[in-house]
Amino acid sequence: MTKTVLKKQSQFRSQHVFHKGFSDSVPPQNLRQARFSGPVDRRQTINRVAEATPPRDANVGAGLWATLAATVSSLPLSKRIAILGSTGSIGCAAVDVIEHLGPPYRAVALSGHSNCDALIAQAKKLRPEIVAVTAECDRAAIEDQLHHLGCETFFGPTALTEIATHPDVDAVLSAVVGAAGLPAAIATVRAGKPLLLANKESLVVAGEILMREAHITAAPILPVDSEHSAVFQAMQSGRRNEIRRVILTASGGPFRNWPADKIESATPADALKHPVWQMGSKITIDSATMFNKAAEILEAIWLFGLEPQQVEVVIHPESVVHSMVEFCDGSTIAQLSPPNMRLPIQYAMTYPERCGGCGPRLDLTKSFSLNFQPPDFERFPALRIAFDVARRGGTLGAVMNAANEVAVEAFLRGRTSFGSIARTVEETIARHTIVQKPALSDLLAADHWARAEAAKLLTDAAETEKLTGATAK
Ligand code: NAD
Ligand code: MG
């Protein structure tokens, strides 16, 4: 353990919205040029992938291919990884993967929001160099517990960007939930570091800006989301301009077979019972409304530089086929594995190499079936909303995300019905005046506006629901 500094912490400010974490630029001493330090065969592997998938043009529309092509020979081998949101579902799985991989992979920085006990336990076990708490907390008590570990501590909403730009951090895995992850995602790519992205909200809110910033510094953005990892893996079977469409699979969530009127009044307990995945509460509710798939549609468009009409969704209850890519000749390439996030997390960490995994494997000696069916846009309006947002663009991604975050929180607190979530998002979008080609400040303003507007709509809906007795208990 090298550091013994206990940093003077910045004043805590509310992290409910992501405005506070931004700084306009990265201090030059923290800017780190991505460098090649791996063996020759590794560089050749990366080169082959890039050559097979040349970007059509050197702009943001080329998506992830542009950044990977630009960094083919520069992915750092030493993997001193910061795990933002290490106490969550993805964060804990990422810790497991790093422990499984062993050196040179190391969790050098950990962050948690409010679950300080879990964070401290992780720190004691993993001995990271940096620990950050983003929610309001008893700083002195936390420092007291961490002091003997000699780690640097950061507190408050700017903590994640400080970690992202820290010179001891090679790569950042963002497993924070919500738009709160955006400032650190932008700081990571501005610093030219690989961003291993689970926090899909960053791309939903500011996909164009994030990809553009990554392109400028040649920072690779590697998908952690299982569908996008599957697409990324399948895409390597052809050239980028040979891709006809991307088919995202969706489990359908707990209400896949429920009739519309039953979905309308589903309770938080119903919605938190996901049939396949164990995840954080926000993404579990998003899976029930299908706003998770809605977010993933936008995530795929930005990450891979696709047109909205090139993305399709298919319901696949078994969640074994994680997504597919159809090429121009009619060949469809799928990625299959049991539903477990350790594989996509590991692939993002070890890309372009593969090594022994710590997750379960498919047992093809047992008979099983894989089912596919078209999604129902009526019972799950989130999908329709997402394609509309994707086509109209501008600030609408930020508005969709913010309104959904507010509505999900209200639902989890029993303050609104399940059906109100999609209605609130749709109505907030309908009331928004779109800013096309938004700057970051426009997106922040849209996020701020949408949260207030959605809260207002929910208060009105709660009044109506009280009158009709419709709110879920
Ligand atoms: P989670 O709720 O289990 O964990 C969230 C983490 O973020 C925790 O460490 C929490 O302390 C931290 N956090 C919460 N609010 C914060 C804030 N305002 N500022 C900073 N940190 C905050 O969530 P999860 O299921 O691990 O999901 C994390 C992200 O990964 C989400 O964007 C989700 O959509 C995405 N994702 C999750 C899964 C999954 O299987 N869980 C799969 C794909 C993508
Ligand atoms: Mg997913």
Side-chain angles (χ1 to χ4, degrees), residues 12-21 82-95 109-120 122 131-137 154-164 173-185 196-205 223-232 248-251 253 272 274 276-287 290-300 303 313 316 319 322-323 335 339-345 348 359 401 404-405 408-409 412:
F12 174 79
R13 284 160 291 169
S14 164
Q15 178 70 350
H16 184 63
V17 289
F18 59 89
H19 304 200
K20 305 294 199 292
I83 306 177
L84 309 183
S86 64
T87 56
S89 160
I90 291 289
C92 289
V95 166
L110 303 173
S111 92
H113 195 54
S114 50
N115 192 351
C116 295
D117 290 343
L119 184 64
I120 287 164
Q122 274 183 339
V131 175
V133 181
T134 43
E136 204 157 1
C137 63
F154 294 100
F155 291 94
T158 56
L160 301 185
T161 52
E162 289 180 88
I163 288 181
L173 190 152
S174 179
V176 161
V177 62
L182 179 59
L196 284 48
L197 192 64
N199 176 251
K200 63 194 83 177
E201 293 92 340
S202 291
L203 283 168
V204 174
V205 174
V224 167
D225 214 348
S226 54
E227 294 78 358
H228 303 73
S229 177
V231 169
F232 181 43
L248 301 176
T249 55
S251 71
L272 287 168
H274 197 283
V276 183
W277 297 96
Q278 298 291 317
M279 309 179 284
S281 56
K282 195 255 177 183
I283 186 178
T284 307
I285 302 301
D286 285 348
S287 298
M290 295 201 74
F291 269 109
N292 181 48
K293 211 50 56 183
E296 289 180 357
I297 290 167
L298 293 156
E299 183 184 9
L303 200 52
V313 173
H316 168 51
S319 297
H322 293 292
S323 279
Q335 186 263 327
N340 188 296
M341 289 306 295
R342 282 169 182 74
L343 174 56
I345 291 169
N401 179 73
N404 182 54
E405 283 192 28
V408 169
E409 195 176 321
L412 283 171

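Just the heavy atoms: all of them, side chains too, but no hydrogens, waters or symmetry mates, feed the values below. For clarity, every value in this text was computed on a predicted model and none was experimentally measured. Note that ligands are numbered from 1 as they come in the structure, with each ligand's atoms numbered from 1 the same way.
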Show me which atoms of ligand 1 lie under 4.0 Å from any heavy atom of [X].
X      : answer
Asp225 : 43 (C), 44 (C)
Asn199 : 32 (O)
Ala175 : 5 (C), 6 (C), 7 (O), 28 (C), 29 (C)
Met341 : 40 (O), 42 (C), 43 (C)

Ser229: what forms a side-chain hydrogen bond (donor to acceptor under 3.5 Å, both in side chains) with it, not counting sequence neighbours? Gln233

By side-chain hydrogen bond (donor to acceptor under 3.5 Å, both in side chains), which residues pair with Ser86, not counting sequence neighbours? Gln122

Can an N or O of [X] be found at a distance shorter than 3.5 Å from an N or O of ligand 1?
X      : result
Gly88  : yes
Ala180 : no
Asn292 : no
Leu160 : no

Quick check on Lys282 - does any of its heavy atoms sit under 4.0 Å from an atom of ligand 1? no

Could you tell me whether ligand 1 has any atom less than 4.0 Å away from a heavy atom of Asn115?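 Distance cut 4.0 Å: Asn115 fails for ligand 1.
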
With Glu296, which residues qualify under salt bridge (charged side-chain N to carboxylate O under 4.0 Å, His left out), at least two apart?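 Glu296 satisfies salt bridge (charged side-chain N to carboxylate O under 4.0 Å, His left out) with Lys200, Lys293 once adjacent residues are dropped.
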
Could you name the option among [options] that has the heavy atom nearest to [atom]?
atom                    : options                       : value
atom 30 (O) of ligand 1 : Gly112, Ala94, Ala135, Ala198 : Ala198
atom 20 (C) of ligand 1 : Thr134, Asn340, Ile83         : Thr134
atom 32 (O) of ligand 1 : His113, Glu296, Glu201        : Glu201
atom 1 (P) of ligand 1  : Gly280, Gly178, Pro344        : Gly280

In the protein, N/O/S atoms that are found under 2.8 Å from the Mg ion (ligand 2), waters not counted: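 Checking every protein N, O and S atom gives Asp225 OD1, Glu227 OE1, Glu296 OE2.
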
Using heavy atoms and a threshold below 4.0 Å, how should the contact between Ile283 and ligand 1 be classified: side chain, backbone, both, or neither?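 Answer for Ile283: side chain.
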
Quick one about His274 and Thr284 (side-chain donor to acceptor, distance below 3.5 Å, no hydrogens or angles considered), yes or no?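 Their side chains do not contain a donor-acceptor pair, so the 3.5 Å distance test is not met.
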
